[in-house]
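Structure, as structure tokens:
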Amino acid sequence: MTREQSTVSKYEPAVVEPKWQQYWEENKTFKVLEDTSKPKFYCLDMFPYPSGAGLHVGHPEGYTATDILCRYKRMAGFNVLHPMGWDAFGLPAEQYAIQHGTHPSKTTQANINNFRRQIKALGFSYDWDREVDTTDPAYYKWTQWIFLQLYKKGLAYIAEVPVNWCPELGTVLANEEVIDGKSERGGFPVIRKPMKQWMLRITAYGDRLLEDLEGLDWPEGIKEMQRNWIGRSLGAEVDFRVDGHDATITVFTTRPDTLFGATYMVLAPEHALVERITTSAQLEQVAAYRESAARKSDFERTEMAKDKTGVFTGAYAVNPVNGEKIPVYIADYVLGGYGTGAIMAVPGHDVRDWAFARKFGLPIVEVISGGDVSREPHTGDGELVNSGLLNGLRVQAAKERIVAWLEERHAGKGAVNYRLRDWLFSRQRYWGEPFPLIHLENGEILLADEKDLPVRLPEVETYKPSGTGESPLATITDWVNVTLPDGRKGRRETNTMPQWAGSCWYYLRYIDARNDEAPWSKEKERYWMPVDLYVGGAEHAVLHLLYARFWHKVLYDLGWVSTKEPFQRLVNQGLILGEDGQKMSKSVGNVVNPDDVIAKYGADAMRLFEMFMGPLEATKPWSTSGVDGVRRFLDRAWRLYVNEETDACLVTDDPPSNETLRALHKCIRKVTEDLEGMRFNTAISAMMELVNFMTPRTERPRVVMEAFARLLAPFAPHAGEELWARMGHGQTLAYEPWPTWDAALVQADTVTYAVQVNGKLRGQVELPVDVTQEAAVAAARDLQNVARFLAEGELKKTVFVKGRMVNFVVAGA
RNA sequence: GCCCGGGUGGUGAAACGGUAGACACAGGGGACUUAAAAUCCCCAGCCGGUCGCCGGCAUGCGGGUUCGAGUCCCGCCCCGGGUACCA
């Protein structure tokens with residue numbers, strides 16, 4: 001009897017949590033609409049790829065942080081948009097289909113259902129009516145629509161480009177999917193092969209992608225990574241006439257000042273001029289080198305990095321500045337895809353050229369003083385020497401002078417170059433968005449009519465790659481071959497879009513997720529955009545964020561969005577490691593599943609621990625006993641409200657003592673300020689302090705207990721709601737006003753002053769808050785231990801910091 | 001190599017240039033209990049002493065600025081992440 005009674009009123013997450021999750025769902029507590037009477041807050045999580053493995057405890061870290069903030073913002077009077085969805089196209093579902101014959105959409109739906117269940121079990125306050133799924137035809141209809149807009153703007157084109165061909169996967173991979181010459185998934189070898197591919201002209205937006213980083217509230221490191229990726233570099237293009245040919249080699253250089261030091265030239269093996277200028281004596285060698293370079297994978301090229309290779313073409317170029325003839329080589333350390341695919345080599349002042357010159361016995365000329373070019377290249381600043389008109393100038397001035405000189409003679413010009421390349425936008429896969437277009441027999445491209453979207457993925461017999469490099473779609477002849485009503489014949493595009501496509505604009509679809517007429521309403525977009533806070537992993541620092549910013553700018557130019565940038569503020573959550581301090585992985589066997597944590601400790605304890613571990617941005621290891629600790633905190637908080645023996649509510653209408661009121665207001669201030677700064681760990685510490693303060697006391701004044709329940713609710717929403725209800729409230733506290741603090745109440749009557757002698761702590765003294773400097777110094781001097789040190793020398797200076805400390809500076813002590 | 005982050009007790013971590021280690025975990029002691037669990041209370045950086053007190057040493061290492069530095073500046077070392085022949 002007693003036993004049953006004592007368990008019945010204990011804090012039972014297994015009972016309380018599903019109850020409130022059901023309440024929120026049934027009452028659509030977190031459904032949100034545009035409301036111009038409130039300030040808006042758009043808080044976005046990077047949506048997950050719903051893998052078959054389900055969630056691990058790393059996923060909900062960011063989700064918990066944003067959820068806490070959203071719940072807080074709602075209580076603080078904001079209209080909060082907080083959506084969730086699925087980035088569900090991708091290779092794993094297709095690989096599974098190849099192995100098991102299950103349609104990827106089936107696997108994907110099952111995975112989504114599992115992810116949704118797991119996410120809901122954590123009590124996040126998403127507006128589920130806005131859920132999106134990139135594989136849903138109602139969604140990818142608009143992904144295709146955006147592609148049409150890109151095409152019409154001239155930003156999508158077909159090019160024959162050497163791509164990363166993976167024979168094993170039977171598909172072409174993007175650079176970012178190739179790691180060390182092996183496929184990211186599977187680790188299969190990758191080689192280069194030219195293929196017709198869809199490209200997106202992201203380079204046309206290079207400058208804007210770079211410039212608009214300025215106004216963003218993002219981590220400086222991420223902005224820097226984007227700048228490096230775009231890689232804008234200022235230099236010059238210089239034309240070198242080829243001796244004995246009617247041909248010109250144009251090079252890009254960032255160091256036109258070193259032009260007099262150019263002692264040879266290098267063309268990329270794939271450079272178009274190579275065939276024309278190679279002498280018959282060198283033909284064989286050059287051909288062999290070109291072939292081996294073409295066959296080399298990026299991995300092999302990188303491996304070769306230490307040792308420079310190349311072949312002389314037999315041709316000479318003329319240095320426009322002094323008429324000297326210099327030999328032209330081909331070498332694969334010069335890349336066809338960067339700059340003009342050709343360089344002037346200045347071995348005295350470039351590390352790579354120096355190494356190459358050494359190996360091939362080419363002359364090394366000093367043109368900038370300050371180093372010893374016979375021992376190592378001198379890449380720093382200095383005075384120009386052996387450089388005719390440039391002699392005596394410093395590097396920067398020499399650059400300006402030579403560019404002006406070249407421009408006058410039409411032998412070159414100032415130029416800007418980018419590391420950024422156009423975006424390879426097609427994949428030879430089944431499980432992606434089909435391109436909405438037909439290639440007609442006459443070579444024209446016929447775009448699908450917007451009203452005919454989406455172009456749905458057809459059913460296929462087999463998900464295996466066609467083997468030719470084309471996607472499995474190429475095998476469905478009755479889908480691929482089309483005859484138009486007017487009799488023209490064509491072939492459908494069999495490539496599909498890469499996984500990035502769907503994630504490039506999902507944050508816009510959330511704004512108006514069920515709109516059949518348009519991708520979103522422009523009016524709603526104006527209300528909600530930009531995203532005020534975007535939280536996700538740093539692994540998307542460059543690509544996803546750059547691609548999404550690119551599409552956003554195109555949509556801005558088309559008048560579809562009202563902001564230049566999509567994500568105003570970005571925060572990267574840190575990695576959560578396994579309990580052993582290693583990266584969580586199945587193979588190590590240290591993966592923690594949220595389902596198990598919730599079953600044992602409850603969702604609120606899990607949320608609390610995710611945040612209590614340390615700063616959001618830090619990498620930190622999981623700890624089961626740590627979860628136990630925050631669960632004890634929740635138990636203690638619960639017992640402040642509920643008599644475990646009788647189930648009675650302990651809260652009274654008595655006024656609180658001054659001391660208790662002060663403790664509360666201190667807590668409100670700390671929690672509020674920490675929430676604004678996203679310092680969730682210290683906010684939780686402050687709540688623990690209040691609970692520790694209240695536990696030994698008997699008073700349970702309503703004003704204090706209700707305020708605390710509201711502070712706790714964003715962190716532990718189920719417990720918050722339950723306690724709120726037990727105090728007699730009939731409705732959710734999700735929209736109750738956030739507590740405010742009174743600065744006067746936070747202030748204690750007395751302050752402990754630290755007393756130092758020469759900066760060393762020698763004592764403490766309790767003084768009234770409004771103590772005068774004289775009184776404080778006098779009291780400090782009177783401390784026995786302080787007086788002892790003062791007696792040892794001559795008092796030189798007294799430092800007084802109000803409310804903090806007194807420091808006596810003593811000479812000779 | 002270059003670009004970002006980080007180095008603080010046994011552990012996760014706190015700390016407007018002002019009492020380093022809040023809050024937790026693990027640990028130790030006590031109360032309650034026949035006992036254990038749970039709960040509640042207390043202790044706890046390291047070293048030393050005349051041990052209810054006092055001193056010394058302590059925030060990766062070495063300097064500097066300052067009355068005072070985990071915090072600011074300079075030079076190193078180590079760890080994690082990103083990136084790489086980008087002319």
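This one's a predicted model, so the numbers in the text were calculated from it and none came from an experiment. In what follows, every chain begins at residue 1, and chains take the letters A, B, ... in the order their sequences are listed.
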Exercise for review: Evaluate the side-chain proximity of A:Leu795 to A:Val809: yes if any heavy-atom separation is below 4.5 Å, no if none is.
Suggested key: no
Check your understanding: So which nucleotide from B:U19, B:C40, B:A14 ends up closest to the side chain of A:Arg636?
Key -> B:C40
**Study point:** Near-strand residues of residues 608-617 of chain A, defined as heavy-atom separation under 4.0 angstrom from RNA chain B
**Key:** A:Phe612, A:Met613, A:Pro615
Exercise for review: Quote, to the nearest angstrom, the P distance that separates B:G7 from B:G12.
Suggested key: 11 Å
Review point. With a 3.5 Å cut-off and just heavy-atom distances, do the side chain of A:Lys796 and the base of B:C67 make a donor-acceptor pair?
Key: no
Exercise for review: Could you give the distance separating B:G82 and B:U71 at their P atoms, to the nearest angstrom?
Suggested key: 29 Å
Exercise for review: May I ask you to test the A:Trp622-A:Val597 pair for a side-chain heavy-atom distance under 4.5 Å?
Suggested key: yes
Check your understanding: At under 4.0 Å between heavy atoms, what does A:Asn692 touch on the DNA or RNA strands: base, sugar-phosphate, or nothing?
Key -> sugar-phosphate
Practice item. Using the C1' atoms only, state how far B:A31 lies from B:A38, rounded to an integer number of Å. Key: 14 Å
Study note, to complete from the structure: Of B:C54, B:A22, B:A84, the nucleotide closest to the side chain of A:Arg419 is B:A84
**Study point:** Among B:C54, B:A87, B:A13, the nucleotide that comes nearest once only the side chain of A:Tyr338 is considered
**Key:** B:A87
Check your understanding: Can you tell me how far C1' of B:G68 sits from CE of A:Met805, to the nearest Å?
Key -> 6 Å
Revision key, fill the gap. Of the candidates B:C67, B:A14, B:C57, the side chain of A:Val799 sits closest to B:C67
Check your understanding: So what does A:Arg762 hit on the nucleic acid, given a heavy-atom distance under 4.0 Å: a base, only sugar-phosphate, or nothing?
Key -> sugar-phosphate
Exercise for review: Scan A:Asn681 against the nucleic acid and name what it touches under 4.0 Å (heavy atoms): base, sugar-phosphate only, or nothing.
Suggested key: sugar-phosphate
Exercise for review: Kindly state whether the ring of A:Phe789 and the ring of A:Phe808 have centres lying under 6.0 angstrom apart.
Suggested key: no
Check your understanding: Base, sugar-phosphate alone, or nothing: which one does A:Thr619 contact when heavy atoms must sit under 4.0 Å apart?
Key -> sugar-phosphate
Point to revise | Phosphate OP1/OP2 of B:A24: any A:Arg631 side-chain N/O under 4.0 Å | key: no
Exercise for review: Could you check how far CG of A:Leu575 sits from C1' of B:G5, rounded to whole Å?
Suggested key: 13 Å
Exercise for review: Considering only atom C1', compute the distance from B:C2 to B:A84 and round it to an integer number of Å.
Suggested key: 8 Å
**Study point:** Smallest separation among heavy atoms of A:Ala398 and A:Asp257, with atom names
**Key:** CB-CB, 3.7 Å
Point to revise | Short N-O contact, A:Glu610 and A:Lys620, less than 4.0 angstrom | key: no
Practice item. Kindly determine whether A:Phe715 and A:Phe680 satisfy side-chain contact (heavy atoms from CB on, under 4.5 Å), including the steps that lead there. Key: CA-CA 9 Å; A:Phe715 298 85; A:Phe680 303 102; 4.2 Å; yes
Practice item. Return the nearest nucleotide to the side chain of A:Thr253; candidates are B:A87, B:U39, B:G12. Key: B:A87
Check your understanding: With sugar-phosphate meaning primed atoms plus P, OP1 and OP2, does A:Gly629 contact a base, only sugar-phosphate, or nothing at under 4.0 Å between heavy atoms?
Key -> sugar-phosphate
Point to revise | Runs of at least three Watson-Crick or G-U pairs with RNA chain B, cut-off 3.5 Å | key: B:1-7 with B:77-83, B:10-12 with B:23-25, B:27-31 with B:39-43, B:45-49 with B:53-57, B:60-64 with B:72-76
Practice item. Report the nucleotide, chosen from B:C57, B:A87, B:C25, that has the shortest atom-to-atom distance to any side-chain atom of A:Leu335. Key: B:A87
**Study point:** Salt-bridge present (A:Lys10, A:Glu644; N to O < 4.0 Å)
**Key:** no
Point to revise | Residue A:Val334, side-chain heavy atoms: nucleotide from B:A26, B:G18, B:A87 that is nearest | key: B:A87
Review point. Salt-bridged, A:Arg255 to A:Asp350, with N to O below 4.0 Å?
Key: no
Exercise for review: Would you indicate which nucleotide in B:A14, B:C40, B:C23 comes nearest to any side-chain atom of A:Thr682?
Suggested key: B:A14
Exercise for review: Using a 4.5 Å cut-off on heavy atoms from C-beta on, say whether the side chain of A:Thr263 contacts that of A:Pro347.
Suggested key: yes
Review point. Pick the nucleotide of RNA chain B nearest each of A:Tyr418 and A:Gln764; which residue has the one closer to the 5' end?
Key: A:Gln764
Review point. Below 4.0 angstrom from OP1 or OP2 of B:C67, is there any side-chain N or O of A:Lys797?
Key: yes
Review point. For B:G64, does the glycosidic angle fall within 90° of 0 (syn) or outside that (anti)?
Key: anti
Revision key, fill the gap. Atom CD of A:Glu579 and atom C1' of B:G12 are separated, to the nearest Å, by 11 Å
Point to revise | Distance between C1' atoms of B:A15 and B:A20 (Å, rounded) | key: 7 Å
**Study point:** Sugar-phosphate, base or nothing in reach of A:Asn807, heavy atoms under 4.0 Å
**Key:** base
**Study point:** Sidechain N-carboxylate O distance under 4.0 Å for A:Glu61, A:Arg607
**Key:** no
Review point. So, is B:C51 syn or anti if syn means the angle is within 90° of 0?
Key: syn
Point to revise | Carboxylate-amine/guanidinium contact A:Asp635 A:Arg631, below 4.0 Å | key: yes
Exercise for review: Establish, yes or no, whether a centroid distance under 6.0 Å links the rings of A:Tyr264 and A:Phe356.
Suggested key: yes
**Study point:** From B:C85, B:U19, B:A22, nucleotide with atom closest to A:Gln756 side chain
**Key:** B:U19
Exercise for review: Taking atom C1' in both B:C40 and B:A13, compute the distance separating them and give it to the nearest angstrom.
Suggested key: 26 Å
Check your understanding: Of A:Lys583 and A:Ala754, whose closest RNA chain B nucleotide lies nearer the 5' terminus?
Key -> A:Ala754
Practice item. Determine, stepwise, if the pair A:Asp239 / A:Thr248 fulfils side-chain hydrogen bond (donor to acceptor under 3.5 Å, both in side chains). Key: CA-CA 6 Å; A:Asp239 298 328; A:Thr248 301; over 6 Å; no
Check your understanding: Rounding to a whole Å, what distance do you find between A:Leu545:CG and B:C4:P?
Key -> 19 Å
Exercise for review: Quickly work out the A:Arg227 CZ to B:U83 P distance and round it to whole Å.
Suggested key: 18 Å
Review point. A:Trp218 CH2 to B:C4 C1': how many Å, rounded?
Key: 15 Å
Review point. When the P atoms of B:A69 and B:G60 are considered, how many whole Å apart are they?
Key: 15 Å
**Study point:** Short side-chain N/O contact to B:C54 OP1/OP2 from A:Lys760, under 4.0 Å
**Key:** no
Practice item. For B:G1 and B:C73, measure between their P atoms and round to the nearest Å. Key: 24 Å
Check your understanding: Would one find a side-chain N or O of A:Arg804 under 4.0 angstrom from OP1 or OP2 of B:G17?
Key -> no
Practice item. Measure across A:Asp332 and A:Thr309 and return the closest heavy-atom pair with its distance rounded to 0.1 Å. Key: OD1-OG1, 3.6 Å
Revision key, fill the gap. Which of B:U83, B:C23, B:A20 is nearest the side chain of A:Leu761? It is B:A20
Review point. Reckon A:Asp353 touches a base, only the sugar-phosphate, or nothing at all at heavy-atom distances under 4.0 Å?
Key: nothing
Practice item. Could you tell me the separation between the CH2 atom of A:Trp622 and the C1' atom of B:C25, rounded to a whole number of Å? Key: 14 Å
**Study point:** Rounded distance in Å - CE (A:Met688) to C1' (B:G12)
**Key:** 12 Å
